[in-house]
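For reference, the structure is listed below as structure tokens.
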Amino acid sequence: MTTDATPEAPDAPPLVPLHCLLRAEAGPPRQAALPTGTPVWVLTRHADVRQALAHPDLGRASLYAPDAPPTVLTPNILDDPSSILNSDGPEHQAIRRTVQRAFTPRAIERWRPWVDGVVRELVDELAASGSPAEVVGALTKPLPVRVISRLMELEGLDTERLGYWSDHALSTTAYSAEEIRTAIAEFGAFGYRLVQERRKNPGEDLVSSLVLAADRTGGMTEEQITSLTIGLVIAGHETTMTSFGNALVYLLDPERAAQAGQPESAGAWQRIGADPAAAAAATEQILRTVPLGDRTTAPGQLRRATADLEIGGVTIPAGAIVAADTTAANADPQVYPPGPLDLFAPLGTPSLTFGAGPHHCLGAWLARMELELGLHHLARALPELRLATPVDRIEWRTGLLTRSPLRLEVAW
């Protein structure tokens, strides 16, 4: 069995970085099948994907209706019916209003100074440790954990246990269904105790704000509050850790740079360190270009039609499953210029990495900020940074919904 802590078996073909994966070509809606055998309509064009993610007749809650066909082989935390992710319409809007004020761009910007401080501290520690170094354990993993721990006042949290819960909650093939259910139950018990404690002794943290807002509006059940709390804990560190590690592989991969007609990749890296605006632009392009996972469990974000509708000139019947392939949509040549990537070009059209419509990721701005500051300060402090391990020998976290380096040796 392969887990996040276990590299691929010696006889398994080496995994390629996610930016090297072949993407589905953007085209009309097509029919395929999920690993469960359930038929699915796959959308790949940017316009079609965006329409589907915002369409009121394509929802998540109906994926869990009694008559819904199976869509996953093993459970994971994203398939919790009580989760905000799996509610629609007025119920979803009520839950989202409870927490979204904490995640507006203006609110996130107020956190920039201390996030910046956390990044600088970790980068300085990495630089002081000397070359070579392992950057996942030193930077990409602890950064988002420290940030979400500060936001939710979880100082003292057992980070190893958090990693255990997160890996199981996002597992696809790494663990058995029984192991996943047990870990998610433990994580849920932790979240429930946390909610109860903050209700009794509220502070200035995100959990206290969430609990007080939910109690004031009365629109959320205890199960929903708990589900949202543990969901924020996972989302608050998983996306940034994954994106940061994959971004470093992308930026420091000499073969990728040569194939893209950019043999001097060091120049781009040094520009990211010299100019915060360049780091911000590169962050947007990397988030668009490098997916979080390799689509081994589903060809996109799943929705189910609650009425007949038309997308891309095709009629999707009520009850059908739809997969919105954001990875393909983010490379649609009708929207984004084909050919070598201009890492510092502004996006004329927002990417769909964090979704669109009512389920657009609440933590998108925080993830952007952490990645932007992480890349900028690392490149500023270590302008000669390079991979110390060949790309084809990188150890990957596998068997999960996301994929990123398990270890990443660097030198300078």
Side-chain angles (χ1 to χ4, degrees), residues 1-6 18 33-38 40 53 59-65 68-88 92 95 144 148 161-192 223-243 246 291-304 321-327 353-355 359 361-363 367 396-404 406:
M1 174 169 30
T2 300
T3 73
D4 76 302
T6 306
L18 290 173
L34 298 174
T36 58
T38 296
V40 61
L53 295 177
R60 290 280 306 177
S62 58
L63 290 169
Y64 306 96
T71 57
V72 295
L73 295 173
T74 57
N76 63 69
I77 201 166
L78 302 185
D79 292 298
D80 176 6
S82 67
S83 167
I84 182 176
L85 178 66
N86 298 319
S87 61
D88 295 312
H92 175 82
I95 297 174
I148 199 64
R161 200 61 182 167
L162 172 60
Y164 172 87
W165 287 332
S166 178
D167 291 340
H168 281 72
L170 298 175
S171 173
T172 55
T173 60
Y175 305 99
S176 69
E178 181 179 355
E179 290 172 322
I180 295 168
R181 292 190 184 96
T182 299
I184 291 178
E186 291 178 2
F187 198 13
F190 161 81
Y192 179 79
E223 186 179 24
Q224 289 173 326
I225 298 173
T226 299
S227 175
L228 182 54
T229 299
I230 63 175
L232 289 174
V233 173
I234 289 182
H237 81 276
E238 178 67 30
T239 300
T240 301
M241 179 181 71
T242 300
S243 297
N246 287 331
L292 294 175
D294 48 17
R295 294 288 186 253
T296 56
T297 56
Q301 297 185 29
L302 299 184
R303 300 289 190 272
R304 190 178 184 216
I321 305 297
V322 170
D325 187 346
T326 56
T327 298
T353 299
F354 294 106
H359 286 279
C361 177
L362 283 167
W396 297 93
R397 300 167 66 239
T398 59
L400 309 179
L401 290 172
T402 59
R403 178 153 70 85
S404 61
L406 175 62

From [X] atom [atom1] to [Y] atom [atom2], the distance as rounded to the nearest 0.5 Å:
X	Y	atom1	atom2	value
His359	Leu85	NE2	CG	6.5 Å
Glu238	Ser243	CD	OG	9.0 Å
Ile95	Gln224	CD1	CD	4.0 Å
Ile234	Ile148	CD1	CD1	11.0 Å
Thr71	Leu63	OG1	CG	5.5 Å
Ile230	Asp80	CD1	CG	7.0 Å

Checklist entry - Checking side chain to side chain contact (heavy atoms under 4.5 Å, CB included) for the pair His92/Arg60: CA distance, chi angles, key distance, verdict? => result CA-CA 10 Å; His92 175 82; Arg60 290 280 306 177; over 6 Å; no
If we only count heavy atoms from C-beta on, is the [X] to [Y] side-chain gap below 4.5 Å?
X	Y	result
Asn76	Leu170	no
Thr239	Phe354	yes
Leu302	Leu34	yes

Tell me the closest heavy-atom pair linking [X] and [Y], and the distance in Å.
X	Y	value
Tyr164	Ala183	CE2-CB, 4.0 Å
Asn86	Leu78	ND2-O, 2.8 Å
Asp88	Ser62	OD2-N, 4.3 Å
Pro144	Thr240	CB-CB, 3.8 Å
Thr226	Gly191	CG2-C, 3.8 Å
Ser404	Asn246	CA-OD1, 3.5 Å

Hey, is the main chain of [Y] close enough, under 3.5 Å, to the side chain of [X] for a donor-acceptor pair?
X	Y	answer
Arg304	Ala61	no
Asp79	Pro75	no
Ser227	Glu223	no
Thr38	Pro70	yes
Ser171	Asp167	no
Thr36	Leu73	no
Asp325	Gly300	no
His168	Ser176	no

Checklist entry - For the residue pair Phe190 and Phe187, does the interplanar ring angle fall in the parallel (under 30°), tilted (30 to 60°) or perpendicular (over 60°) class? => result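 Aromatic pair Phe190/Phe187 classed parallel.
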Item to check | Derivation of the side chain to side chain contact (heavy atoms under 4.5 Å, CB included) call for Thr326 and Thr353 | outcome: CA-CA 6 Å; Thr326 56; Thr353 299; over 6 Å; no
Checklist entry - Stepwise, does the side chain to side chain contact (heavy atoms under 4.5 Å, CB included) test hold for Thr402 with Arg397? => result CA-CA 8 Å; Thr402 59; Arg397 300 167 66 239; 3.7 Å; yes
Item to check | Residue list, salt bridge (Lys or Arg N to Asp or Glu O under 4.0 Å) with Arg403, at least two apart or on another chain | outcome: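 Scan of Arg403 (salt bridge (Lys or Arg N to Asp or Glu O under 4.0 Å), adjacent residues dropped) gives Asp294.
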Next on the checklist: Tell me whether the count of non-hydrogen atoms from other residues, nucleotides or ligands lying under 6.0 Å of OH in Tyr192 goes above 12.
Outcome noted: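 No, because the 6.0 Å sphere around OH of Tyr192 holds 12 heavy atoms or fewer from other groups.
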Checklist entry - For Leu162 and His237, what are the C-alpha separation, side-chain angles and deciding distance, and is it a side chain to side chain contact (heavy atoms under 4.5 Å, CB included)? => result CA-CA 10 Å; Leu162 172 60; His237 81 276; 4.0 Å; yes
